[in-house]
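None of these values were measured; they are calculated from a predicted model. Side-chain atoms are counted along with the backbone in the values below, which use heavy atoms only and exclude waters and symmetry mates. A, B, ... follow the sequence lines: proteins, then strands. Residue 1 opens every chain.
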Amino acid sequence: MDLISYTYDLVRQIPPGRVSTYGAVAEALGDIRAARAVGRMMNQNPNADTMPCYKIVYSDGRLGGFGLGIEDKIRRLREDNIEVVDGRIKDFDKVFFNDFKTSYPLKKLRRQQLEMRDKVSLNNSFTEVNTVAGFDVAYPKSDFDTACGAIVIMDYHSIEVVEEEVVYSKTMFPYIPTYLVFRELPFLEKLMAKIDVKPDILMVDGNGIMHPIKFGLACQAGVTLDIPCIGVAKKRLYGKVREDNWVVDDDMILGYAFYASYKVRKPVYISPGHNISLESSINIVKKLSRFKNPEPLRRAHILATSSLL
DNA sequence: GCGACAG
DNA sequence: ATCTTGTCGC
Ligand SMILES: [Mg+2]
């Protein structure tokens with residue numbers, strides 16, 4: 001079962017007359033970081049009569065949001081004999097439910113990642129670079145509509161497009177910080193099976209080792225697909241950005257904040273994913289950068305966005 | 001209270 | 001990412 005259905009089934013466990021919180025549901029999924037994703041999944045709830053998202057409130061007892069209007073959330077709570085006083089659940093600690101039956105799916109996924117992590121190499125597995133691919137996914141407004149993944153393969157020397165492909169699929173996994181790979185890797189796997197040219201290097205819109213467990217999208221994509229992979233993120237996820245633009249944690253240098261030109265206000269954050277060094281990652285991104293994002297990624301982003309159904 | 005939170 | 005149903009730590 002997919003994580004969205006799993007989340008809805010967790011919410012269905014809440015007994016009559018009880019409420020729970022976005023964070024508590026996230027912890028039942030296996031990681032408090034999913035709290036906002038729980039909120040989003042509640043927001044996208046297709047049927048408020050069969051999945052009682054009105055039972056989910058903020059961790060401090062305030063009501064949180066409701067797509068059908070907060071008055072309707074209050075009405076549904078009162079029908080369950082849950083009183084709302086001054087925008088808060090009355091006797092919140094007494095009606096708070098946190099006894100979910102769960103197998104903590106996010107913890108399972110994290111364990112799998114920690115096992116896979118040993119396979120990461122930060123040495124170049126290639127001797128020359130002739131083609132570089134960029135990969136990105138564009139999402140529709142509703143998580144139940146079809147998303148579009150795109151890959152653009154370019155010649156490293158002429159910087160011309162060699163091949164482009166798109167794939168379509170429903171989104172099966174919400175966006176949860178540090179779990180991006182489970183949302184986007186399925187699109188990349190489909191694309192890799194579809195292309196004629198196997199690129200020498202892959203670039204993804206996300207991080208490599210610049211990640212709390214040093215195993216971001218670029219690492220897992222590289223290991224899974226057995227391809228040298230660079231992470232190029234628009235925002236920092238993990239690590240401290242030093243004055244000299246190197247990104248570090250207590251252990252090591254993780255990546256580099258790269259400004260494509262003096263016109264660019266914000267950097268991209270480069271970190272190696274797999275079968276490539278940080279130094280080579282930076283050199284390749286630099287060579288392919290005309291604007292903020294390196295060309296294969298910039299074009300993959302445009303292709304995915306413009307191909308949305 | 002404000003910022004942090006890959007997409 | 002899209003246009004918003006979060007939580008924690010400083
Ligand atoms: Mg993206």
Categorize A/Phe182 for me: base, sugar-phosphate, or nothing, with a 4.0 angstrom heavy-atom threshold over every strand shown. nothing
Is A/Arg88 salt-bridged to A/Asp86, going by a charged N under 4.0 Å from an acidic O? no
A/Arg75 charged N/C atom sitting above A/Tyr54 aromatic ring, 6.0 Å / 45°: no
Ring geometry between A/Phe182 and A/Phe173 (parallel below 30°, tilted from 30 to 60°, perpendicular above 60°): tilted
At their closest point, which heavy atom of A/Gly64 faces which heavy atom of A/Ile70, and how far apart are they? O-CD1, 3.2 Å
Distance alone, cut at 3.5 Å: any donor-acceptor contact between the side chains of A/Asp249 and A/Tyr238? yes
Could you write out DNA chain C as a dot-bracket string, with dots for unpaired bases, | for bases paired across to another strand, and Watson-Crick or G-U pairs counted at under 3.5 Å? .....|||||
Nearest-Å distance for atom pair CG/C1', residues A/Leu308 and B/dG7: 14 Å
Separation of C/dC8 atom C1' from A/Arg33 atom CZ, nearest Å, is 12 Å
Given the C1' atoms of B/dC5 and C/dT4, what is the spacing between them in whole Å? 15 Å
Would you kindly give the CG-to-P distance between A/Asn207 and C/dA1, to the nearest whole Å? 14 Å
Whole angstroms only, please: what is the CG-C1' distance between A/Leu180 and C/dT2? 15 Å
Among the nucleotides C/dG6, C/dT2, B/dG7, which one has an atom lying closest to any side-chain atom of A/Lys141? C/dT2
Under 4.0 Å from OP1 or OP2 of C/dA1: is there any side-chain N or O of A/Lys234 that close? yes
Mind checking A/Tyr139 for me? I need base, sugar-phosphate or nothing, with any heavy atom below 4.0 Å counting as a touch. sugar-phosphate
Are A/Asp143 and A/Arg40 ion-paired here, with the side-chain N under 4.0 Å from a carboxylate O? yes
Inter-residue atom distance A/Met210.CE - A/Cys219.SG, 0.5 Å rounding: 10.5 Å
Contact check, residues 54-90 of chain A vs DNA chain C, heavy-atom distance under 4.0 Å, returns A/Tyr58, A/Ser59, A/Gly65, A/Phe66, A/Gly67, A/Lys73
Looking only at side-chain atoms of A/Thr21, point me to the closest of B/dC5, C/dA1, C/dT7. C/dT7
Sidechain N-carboxylate O distance under 4.0 Å for A/Glu79, A/Arg76: no
Please state how far atom CZ in A/Phe144 lies from atom P in C/dA1, giving the value in whole angstrom units. 21 Å
Using a 6.0 Å distance limit plus a 45 degree cone around the ring axis, check whether A/Lys234 lies over the aromatic ring of A/Tyr269. no
Which nucleotide in the set C/dA1, C/dT7, B/dA4 lies at the smallest distance from any side-chain heavy atom of A/Arg236? B/dA4
Could you check whether the rings of A/Phe97 and A/Phe100 sit parallel, tilted or perpendicular, using 30° and 60° as the cut-offs? perpendicular
Give the rounded distance in Å between these two atoms: CG of A/Asp31 and C1' of B/dC5. 12 Å
Gap between atoms NE2 and C1', on A/His211 and B/dC5 respectively (whole Å): 12 Å
Starting at CD1 of A/Ile176 and ending at P of C/dG6, how long is that distance when rounded to a whole Å? 14 Å
